[in-house]
2 protein chains.
Amino acid sequence: MRSLGQRAELLRVIAHPARIRILEELTKGVKCVSDFEEFLEISQPNISQHLSLLRNHGIIDYYMDGRLRCYFLVDPVIPDILKLLEQDYSESLPAPACCPVTKKGKYPGEMRR
Amino acid sequence: MRSLGQRAELLRVIAHPARIRILEELTKGVKCVSDFEEFLEISQPNISQHLSLLRNHGIIDYYMDGRLRCYFLVDPVIPDILKLLEQDYSESLPAPACCPVTKKGKYPGEMRR
DNA sequence: CCTATATATTCAAATATTATTATATTTTTA
DNA sequence: TAAAAATATAATAATATTTGAATATATAGG
């Protein structure tokens, strides 16, 4: 059960192109920092910064393999969120029926759906 | 099909406590600005700013009812994302098997899952 | 124990986001 | 048509995020 603040925080931490790419790769398997250097066009320190942020929020973790840090996914909501983002919906939600009520609205009527 | 930048942008725009509350309410039905004033503890101009941001990103829209602006959801991914955030997973993802390979890793072995 | 490799940390500058305050716009109603 | 209700806009100040550059740490191997 995430609080409102925690839900916002989680999305905020994911919401960066580099971090999304990192998480997408981690859904496929373990990766070390220099693996990320191959496809992210940002500096190594910057990669480490993003990884630290994700880890400080309990989204990923790592184990050591010699001098490599092997990062892996921990938070199970991540693959599900990434899947939604890839999905294409093609349709907007149906517009509300002609004149639904808001608290102060004048026109009676029910919301469709 | 959202680009990487668009996916990050979408999450960034959702990722604020007030905006998440707004979107949660809009999944239930149409609401006007003064409806939001009842449960959001922020000023009216601030509410309008959040609504504008969401609308500029095509996430919500409104129709007029007299002098009320009745806002409603447009982007169909929103209810799905909000559902994921509420869901509780209770379990972390399984830790990777003992010694999975990264590109440079020394130990052979496959990633679990 | 010295060196190279892999990665992290720190600090500062640039930029972006957020909330506040004051003011403007639009529509209804008297 | 003037006032009021509902909402938006603009400008600013406060704060947070992001990146870059330099430096630090840790481990493996010689």
Side-chain angles (χ1 to χ4, degrees), chain A residues 4-5 8-23 25-26 30-57 59-72 99 101-107, chain B residues 4-5 8-23 25-26 30-57 59-72 99 101-107:
Chain A
L4 181 61
E9 186 80 349
L10 175 64
L11 291 187
R12 193 178 55 73
V13 170
I14 305 172
H16 184 288
R19 293 194 294 265
I20 289 180
R21 282 296 288 119
I22 287 172
L23 293 173
E25 285 302 312
L26 289 182
V30 176
K31 293 266 175 308
C32 68
V33 179
S34 41
D35 291 338
F36 292 120
E37 290 190 79
E38 288 182 19
F39 58 88
L40 295 178
E41 327 229 297
I42 61 181
S43 66
Q44 175 273 313
N46 199 195
I47 292 174
S48 279
Q49 287 164 341
H50 288 301
L51 290 170
S52 293
L53 182 67
L54 290 169
R55 193 173 107 91
N56 290 336
H57 283 81
I59 292 172
I60 66 178
D61 202 356
Y62 67 85
Y63 63 87
M64 301 291 303
D65 173 2
R67 46 191 162 187
L68 307 179
R69 286 205 186 183
C70 302
Y71 282 89
F72 57 91
C99 304
V101 250
T102 67
K103 274 272 179 72
K104 296 189 175 176
K106 291 292 176 47
Y107 306 99
Chain B
L4 181 61
E9 186 79 349
L10 174 64
L11 292 187
R12 194 179 56 73
V13 170
I14 306 172
H16 184 288
R19 294 195 291 267
I20 289 180
R21 283 295 287 119
I22 287 172
L23 293 173
E25 286 301 312
L26 290 182
V30 175
K31 294 267 176 308
C32 69
V33 180
S34 40
D35 292 336
F36 292 120
E37 290 190 80
E38 288 182 19
F39 58 88
L40 294 178
E41 327 227 299
I42 61 181
S43 67
Q44 175 273 314
N46 198 195
I47 291 174
S48 278
Q49 285 164 342
H50 288 301
L51 290 169
S52 293
L53 182 67
L54 291 168
R55 193 171 106 90
N56 290 337
H57 284 82
I59 293 172
I60 65 178
D61 202 356
Y62 67 84
Y63 63 87
M64 300 292 302
D65 172 2
R67 47 192 158 185
L68 306 179
R69 285 204 188 183
C70 300
Y71 282 90
F72 57 91
C99 304
V101 251
T102 67
K103 274 270 178 74
K104 295 189 176 174
K106 291 291 176 47
Y107 305 101

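Since the structure is predicted, the reported quantities are computational estimates derived from the model, not experimental observations. Lettering follows sequence order; numbering is per chain, from 1. Side chains included, hydrogens not; waters and symmetry mates left out as well; all remaining heavy atoms used.
- Between the CD1 atom of Ile14(A) and the C1' atom of dT18(D) there is a distance of 18 Å, given to the nearest Å.
- In terms of phosphate contacts, Arg69(A) brings no side-chain nitrogen or oxygen within less than 4.0 Å of OP1 or OP2 of dA6(C).
- Rounded to a whole Å, the CD1 atom of Ile20(A) is 12 Å from the P atom of dT18(D).
- Evaluation of atom-type donor-acceptor distances gives a pair under 3.5 Å for the side chain of Gln44(B) against the base of dA8(D).
- With values rounded to the nearest 0.5 angstrom, Asp35(B) atom CG is found 8.0 Å from Leu68(B) atom CG.
- The shortest distance between side-chain heavy atoms of Leu26(B) and Phe72(B) does not fall below 4.5 Å.
- When rounded to the nearest whole Å, the span between CG of Leu40(A) and C1' of dG20(D) equals 16 Å.
- Partner Tyr71(A) forms a side chain to side chain contact (heavy atoms under 4.5 Å, CB included) with one of Leu54(A), Val33(A), Val30(A) and no other, that one being Val33(A).
- If you take NE2 on His16(A) and CD1 on Ile22(A), they are separated by 9.0 Å, rounding to the nearest 0.5 Å.
- Between Met64(B) and Arg69(B), some side-chain heavy-atom pair lies under the 4.5 Å cut-off.
- The phosphate of dT5(C) has neither OP1 nor OP2 within less than 4.0 Å of any side-chain N or O from Ser34(A).
- Atom CG in Leu68(A) sits roughly 5 Å away from atom P in dT7(C) (whole-Å rounding).
- In the set dA6(C), dA8(C), dA8(D), the nucleotide with an atom closest to the side chain of Arg67(A) is dA6(C).
- Between the CD1 atom in Ile20(B) and the CG atom in Leu11(A) there is a gap of 5.0 Å [rounded to 0.5 Å].
- Spacing between atom OH of Tyr71(A) and atom P of dT7(C) amounts to 9 Å, rounded to whole angstrom units.
- Interatomic distance, CZ of Arg55(A) versus OG of Ser48(A), reported as 12.0 Å (0.5 Å rounding).
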Determine, for nucleotides 14-20 of chain C in 5'-to-3' order, which nucleotides have protein heavy atoms under 4.0 Å from the base (write B), from only the sugar-phosphate (write S), or from neither (write -). ---SSBB
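- Taking atom CG of Leu54(B) as the reference point, atom C1' of dA8(D) lies 15 Å away to the nearest angstrom.
- Spacing between atom CG of Asn56(A) and atom C1' of dT9(C) amounts to 12 Å, rounded to whole angstrom units.
- In this entry the distance linking CD1 of Ile47(B) with C1' of dT21(C) reads 16 Å, nearest Å.
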